[in-house]
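Here the structure comes first, spelled out in structure tokens, and everything after it is commentary.
No experiment lies behind these values; they were computed from the predicted model shown. Atoms within each ligand, like the ligands themselves, are counted from 1 in listed order.
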Amino acid sequence: MAALPVFSVSVLLLGVCRVTGYTLTDQGGLGREFDGIGAVSGGGATSRLLVNYPEPQRSRILDYLFKPNFGASLQILKVEIGGDAQSTDGTEPSHMHYPDDQNYFRGYEWWLMKEAKKRNPNIKLAGLPWAFPGWIGRGKNWPYDFPDVTAYYVVSWIIGAKQYHDLDIDYVGIWNERPFDVKYIKLLRYTLDKFALDRVQIVASDNLWQPITYKILHDVELLRVIDVIGAHYPGTQTVQDAITTGKKLWASEDYSTFNDEVGGGCWARILNQNYVNGNMTSTISWNLVASYYEQLPFGLEGLMTAQEPWSGNYVVSSPIWITAHTTQFTQPGWFYLRTVGHLEKGGSYVALTDRLGNLTIIIETMSHDHSVCIRPFLPKFNVSSQNATFQLDGQFKDLKTLQVWHSKLCTNTTKPALFQKMSPITVSIHQFTLIHPFPPQGVNAYGLLNGNPLWKDVITAGPDHGWAAIGTSSFEFAQFDNFIIEAKVQ
Ligand SMILES: *[C@@H]1O[C@H](CO)[C@@H](O)[C@H](O)[C@H]1NC(C)=O
Ligand SMILES: *[C@@H]1O[C@H](CO)[C@@H](O)[C@H](O)[C@H]1NC(C)=O
Ligand SMILES: *[C@@H]1O[C@H](CO)[C@@H](O)[C@H](O)[C@H]1NC(C)=O
Ligand SMILES: *[C@@H]1O[C@H](CO)[C@@H](O)[C@H](O)[C@H]1NC(C)=O
């Protein structure tokens, strides 16, 4: 596929697409460098159930996520640097439970990163702490009072990745959706460099565009040490100050939407429009794969679902194929054209090139109601039937082979077409319905710990068999590391 100039057209809707009226060219220079489409494992424990899948299902799921030219073909894998704390859907273990402790074999993120690399040696790896063990703040839940300790802790994780698993970490973040500290960020850069890890880039601050952007603009040293400004759920928009910094801009966490037809639409829209509207050159999905019980917070908000290791059942949801429209025809290091934008009657188009003459075009015409993301609020917009013509110019003037892939998310009456190879572009209106994989049914459960009854006669909606774990009152469903409990259901 890579040998031919490629032309990938995705997700068209509402009528015939006979391209007219838009010019795609590299004349006058290119746009920004593309950094890849990625997904997050963790924050927290979102891949927990995947680990226990039987073969060959587990390998197939990993193929759908990471194998090039196969499924989502992800270009970035971002993982939680476990912090011994409940970090959304469970807990991930730290590599340093206490100051003298170091162990780089806990949890499953090492395993996951190796499986990703095995399939795609070029995949970029990113790490980010959601929480820190208590000793980091000497008992306070605050990692910045002893920034040297925190920097040493994070850099140890990066060194351990290389030393014990031969994994090169490409990007490291500060503290997920929490305050950052300028002194700490500078010290992190200094510590990375001290250990000859100058190749590792710093993403900050995995929260909003501000205040990090303001700080960068008023501190030349901070400007130097930060490589990427990463914002979460930016709603396809950035701020002028972020552009002014000249830094790479990422949606370093985005999507987080139920992976049904609307979720697929959300993902298609933001993958294009994060660049078109907001100059963002990477979009990272929270999360990678919904491998946690769907009753937990943000259930089913992964690119696909694999939450039944006991049966091996998994669902390759539409976001996998939406991702493929970009990832199977680009690489990090390609460049967006400047000539990207919105279609006259709704929708957007982007185009990327490897600067060797290959061109990839991705068009989406998601309608408002079928592309709402969980956040932020989406102002109402209209998409209507239209014909559009694209004029290829500059280096692409003479492109003759245009290959076309197409997806439509289905209505109640039609089936979805996902990532189909086409010759003529003929598409029609689409939505897509997820067949809910787990019909609820009541089961009567009881629990014992060391023979002592903990609960009995509890009616649960399912699963009708599986595992249980005991946690804090607000996270009864969560699994905890270093803790095994057997549960019987009658
Ligand atoms: C940012 O995006 C806007 C809107 O597409 C565009 O006009 C502008 O040239 C971009 N700026 C940079 C520096 O990429
Ligand atoms: C496209 O990509 C292939 C392989 O990635 C490369 O060999 C070729 O030179 C590129 N350009 C064109 C016009 O095919
Ligand atoms: C969308 O279309 C409807 C019907 O044509 C119109 O009433 C409405 O103002 C439009 N909304 C926007 C945001 O353009
Ligand atoms: C698009 O082009 C086709 C073929 O020329 C035409 O039949 C159709 O009416 C056009 N649709 C719109 C919305 O202009």
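Asn277 meets the side chain to side chain contact (heavy atoms under 4.5 Å, CB included) test with Thr236, Gln237, Gln273, His342; sequence neighbours excluded. Take Lys186 and apply the side chain to side chain donor-acceptor pair (under 3.5 Å) test, not counting sequence neighbours, and it matches Asp219.
For ligand 3, the atoms lying closer than 4.0 Å to a non-hydrogen atom of Lys380 are 13 (C).
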Review item, side-chain donor-acceptor pairs of residues 28-46, under 3.5 Å, at least two apart:
from, atom 1, to, atom 2, distance (Å)
Arg32, NH1, Lys247, O, 3.3
Asp35, OD1, Lys248, NZ, 2.7
Asp35, OD2, Lys248, NZ, 3.2
Asp35, OD2, Trp250, NE1, 2.9
Asp35, OD2, Thr281, OG1, 2.7
Ser41, OG, Ser47, OG, 2.6
Ser41, OG, Glu109, OE1, 2.7
Ser41, OG, Glu109, OE2, 3.1
Thr46, OG1, Gly42, N, 2.8

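Of the possible polar contacts, none joining the Ser348 side chain to the Asn272 backbone as a donor-acceptor pair under 3.5 Å is found.
In this structure, Phe419 and His325 have perpendicular ring planes: the angle between them is above 60°, well past the 30° mark. Note: Phe132 and Trp175 have perpendicular aromatic rings, judged against thresholds of 30 and 60 degrees for the angle between ring planes.
Taking a heavy-atom cut-off of under 4.0 Å, ligand 1 is surrounded by Arg32, Ile243, Val276, Asn279.
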